[in-house]
Each structure stands twice: as structure tokens, then as C-alpha cells.
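Read the structure below first, then the notes.
Throughout, residue positions are numbered sequentially from 1 according to the sequence presented.
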Amino acid sequence: AIHQRSSRSTAPFIPINCSTFPETLLESELFGYEKGAFTGADKGRKGLFEAAHTGTLFLEEIADMPLPLQGRILRALQEGEVRRLGSTRPIRVDIRIVTATNKKADTLVAQGTLRDDLFYRLNVVRISIPPLRERLDDIIPLAQHFLEIYTRKAKKAITGFAPDAAQAMLEHP
């Protein structure tokens, strides 16, 4: 929604879940690489920073990113440029970065698993979304939304939830 309602909406929106990649693979995904940068790099590849140029890069679960890689992200934000693995040539990038974590960022900084300088740089606008157990009025509309999506995909004619099913969703912790 942030991307779609912004002046960058016509440019790419690229999401990546940082917790699903090993450190070395995540680095090459984000920054790209040159031919010969490592075994198997038989051709160069643009990274997600380059691909998101003038758009938005969404880094999901940024707190799961290793500290050295957090340093590279910080440098890219400060300098407005990246370097592909195996290259000495900087590439200018103009992107918005949106991040998310399911953990309390302040706690992660205190524990040393999230760099405080990166957190400071990213923490321009903070949006905290309470868990559904604290937003009971959202549960049934969200369930209805997903029901519509999946009944359409499955070509079924299910229109709603039985009262006891709705109650069970509201009572589930």
C-alpha cells in the first residue's frame, strides 16, 4: 500500500524475505554479481537494489540478516550506490526501502542482532501492527477476504462461515 500510493508506484516493488536465504546467497541476491565473482557465476547478474531502482525494495525479516550484510545495506543507503560482488565499480541506486520484522526492533538493537546505525537510518516512519488477538474486529473480515480468494481459485461456491466456525476463530489465541 505504501508503494502503490506513492510517487514511486510506477516503478518496481520488489519484496524479499531475508530469513529464507543463507548469508552469501542473500548478498548476491541484493547486490548482484559479476561474471567470475564466485564458482558458478558464469555470467553477471543485476541485484535487487538495481532492479528496484526508482521503486521500493521491501526487506522482510531484516532482523534475521547477518550483521556484516546489515553493514552493506547501511552503506548502500548512505551512499546511494551499490557494488556487485566481484566488481569495483559503484552503481547509483535511488530506492525506497521498507523493512519489517516480527520482533521488537528496539530489543534487537539492545541484543546486538540489529545494528543500531542501520535501525536509526531505517526508523524514519514506524508502523506497528498489533497481533490479531488484539484486533478481534479484523478477524472475520480477513477470514472472509481469504475465503473469497481461495474459493475463487478452487472454483467453489462457499460464501461464508458457520456461526460456530466464526466464534472459534474469534476465540483462538
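With rounding to the nearest 0.5 Å, the separation of CG in L85 from OH in Y33 is 9.5 Å. Atoms CD and OG1, from Q4 and T56 in turn, are 10.0 Å apart once rounded to the nearest 0.5 Å. Going from atom CG of L122 over to atom CG of D117 covers 10.0 Å, rounded to the nearest 0.5 Å. With values rounded to the nearest 0.5 angstrom, K103 atom NZ is found 9.5 Å from Q111 atom CD. Interatomic distance, OG1 of T20 versus CG of D64, reported as 9.5 Å (0.5 Å rounding). We find the NZ-NZ distance between K35 and K43 to be 11.0 Å, quoted to the nearest 0.5 Å.
In the hydrophobic cluster analysis, where Ile, Leu, Val, Met, Phe, Trp and Tyr join through side-chain heavy atoms closer than 4.5 angstrom, L48 is grouped apart from F58. Under the 4.5 Å side-chain contact rule for hydrophobic residues, L69 and I91 share a cluster. Under a hydrophobic-cluster definition in which Ile, Leu, Val, Met, Phe, Trp and Tyr are linked whenever side-chain heavy atoms come within less than 4.5 Å, directly or via other members, L114 and V124 are assigned to different clusters.
Contact of the K46 side chain with the R84 side chain is registered, since non-hydrogen atoms from C-beta on lie closer than 4.5 Å. No side-chain heavy atom of P90 sits under 4.5 Å from any side-chain heavy atom of V82. Counting heavy atoms from C-beta outward, F49 and L57 have side chains that approach closer than 4.5 Å. Looking only at side-chain heavy atoms (C-beta outward), I62 and I97 stay at 4.5 Å or farther from each other. Side-chain contact between E61 and N102: present, with at least one pair of heavy atoms (C-beta onward) separated by less than 4.5 Å. Residues L74 and R121 form a side-chain contact, since some pair of their non-hydrogen atoms from C-beta on lies under 4.5 Å apart. Inter-residue side-chain proximity for T54 and I95 is flagged as unmet; no heavy-atom pair is nearer than 4.5 Å. Looking at heavy atoms from C-beta onward, R135 lies in side-chain contact with I129 at the 4.5 angstrom threshold.
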Return a table of donor-acceptor pairs under 3.5 angstrom between the side chains of residues 157-171 and protein atoms on other chains or two or more places apart.
from: Q167; atom 1: NE2; to: E171; atom 2: OE2; distance (Å): 2.8

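Nearest heavy atoms, H53 versus A11: O-CB, 4.3 Å. Taking each heavy atom of P12 and A51 in turn, the nearest pair found is CG-O, 3.2 Å.
Salt bridge annotation for R45-E34: absent, with no cationic side-chain nitrogen under 4.0 angstrom from a carboxylate oxygen. Look at D106 and K104 and you find no salt bridge, because none of the NZ, NE, NH1 or NH2 atoms lies under 4.0 Å from a carboxylate O. The residues R8 and D94 are annotated as salt-bridged, a charged nitrogen and a carboxylate oxygen being separated by less than 4.0 angstrom.
Geometric assessment of R83 against the ring of F31 yields a negative cation-pi assignment under the 6.0 Å and 45° thresholds.
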Test side-chain contact (heavy atoms from CB on, under 4.5 Å) applied to L132 and L142, step by step: CA-CA 10 Å; L132 276 175; L142 278 169; 3.6 Å; yes
Step by step, would you call L118 with L77 a side-chain contact (heavy atoms from CB on, under 4.5 Å)? CA-CA 9 Å; L118 178 61; L77 288 171; 4.0 Å; yes
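Ring geometry for F13 versus H3: interplanar angle of 30 to 60°, hence tilted.
More than 12 heavy atoms of other residues, nucleotides or ligands lie within 6.0 Å of CZ in F38, so this atom counts as buried by the packing criterion. Atom CG of D137 is surrounded by 12 or fewer heavy atoms from other residues, nucleotides or ligands within 6.0 Å. Applying the 6.0 Å contact sphere to CD1 of I2 captures no more than 12 heavy atoms from other residues, nucleotides or ligands.
Here the side chain of Q70 pairs a donor or acceptor atom with the backbone of M65 at under 3.5 angstrom. In this structure, the side chain of T151 engages the main chain of E148 through a donor-acceptor pair within 3.5 Å.
For the side-chain contact (heavy atoms from CB on, under 4.5 Å) with L59, the lone residue among L30, I14, T101, V98 that qualifies is L30.
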